[in-house]
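Here's the structure, in structure tokens; my notes come after.
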Amino acid sequence: MAYSDKVIDHYENPRNVGKMESDDPHVGTGMVGAPACGDVMRLQIKVSDDGVIEDAKFKTYGCGSAIASSSLVTEWVKGMTLDEAAELKNAKIAEELALPPVKIHCSVLAEDAIKAAIEDYRGKQK
Amino acid sequence: MNLSQNYFELFGLEAGFVLDRALLDTAFRELQKEYHPDRFAHKGDAEQRQAVQNSTHLNTAYETLKSPLSRAQYLLSLQGVLTGEESRKQLPMDFLMQQMELRETLAEAPEAADPFATLEALESQTVELEKACFDHFQVAYAGGDLESAEESVRKLQFLKKLLSEIEAMEDRLDEEF
């Protein structure tokens, strides 16, 4: 199966790979996995006091599409409010990366990861 | 061949996770002989097609029951529980974190002081985790706790992938040294 140019670009030059301090009250961590392919994805956001995502980092062990999906999401959510980021849909990720049907679940994983990170952050604010 | 029988019924075995491998192998070989397409070579087209279909069904059934993980998945599917990628349920955070750490150890193994010892330790740790998950599945399934049994299967899918990646890394390092 051939990867699209955008997937290859994110795979070869992943943006925002790294780790944040998960105990930091400004950091939200989303940890998800896809049993069928054994992929694991960690996506973290750093949120300002007024609810804007200032920074995002990820680490993904998985196929090129899973890496590209999470890399793309970290690029997109920077500067978004939490509400905007929570609206991010996997279909948009799949469309941007031109993912074939068998790789759609990678974009679903990235959507679940950002949602989990937002939920983790919001849980800390209570 | 009665295609509406489940795989356990097909081989005359009791449906369950614990399985007598020798009984499975014997039943498989007998059915293989009985349904071998060569025996239908002199028959008409429809019967030959049927023979090929039966033989394929038989092989699928055997392979499914032979591997513990696919056997566990099959048992759940008989109860209407699917464990494929249609499930978006997430595993507990501590399990995913552990998977992440194990993957990190694997990725950094080539730079470790003793890469092969690192991989070997990682492999035995993963095999231990796998064994614990199978034990857990067995107890949960036998006790009718399908939700917990399904969670074990999902964990086992990660561990299987991890083991195959460890082996791939070992092969890669073998070639380099």
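In what follows, every heavy atom counts, from backbone to side chain, and hydrogens, waters and symmetry copies are set aside. Given the structure is predicted, the values throughout are model-derived calculations rather than measurements. Order of the sequence lines fixes the chain letters, A, B, ..., with proteins taken first and strands second; residue numbering starts at 1 for each chain.
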Please determine if A:Glu54 and A:Lys78 form a salt bridge, counting it only when a charged side-chain N lies under 4.0 Å from a carboxylate O.
->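 Answer for the salt bridge query: no.
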
Residue, of B:Glu165, B:Met97, B:Gln99, that accumulates the most heavy atom pairs under 4.5 Å with chain A |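 Highest number of pairs under 4.5 Å: B:Met97.
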
State whether a side-chain donor-acceptor pair under 3.5 Å links A:Asp83 with A:Thr81.
-> no

Donor-acceptor pair between B:His136 and B:Ser148 side chains, under 3.5 angstrom =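 On atom types as modelled, these side chains qualify, holding a pair under 3.5 Å.
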
So which part of B:Leu91 gets closer than 4.5 Å to some heavy atom of chain A, the side chain, the backbone, both or neither?
->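 Contact with chain A: none, neither part.
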
Looking at B:Phe17, is B:Arg71 sitting on its ring face, NZ or CZ under 6.0 Å from the six-membered ring centre and within 45 degrees of the normal?
->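 The answer is yes; both the distance and angle limits are met.
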
Residue selection (most heavy-atom pairs with chain B, distance under 4.5 Å) from A:Val32, A:Thr29, A:Leu109 |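 Highest number of pairs under 4.5 Å: A:Val32.
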
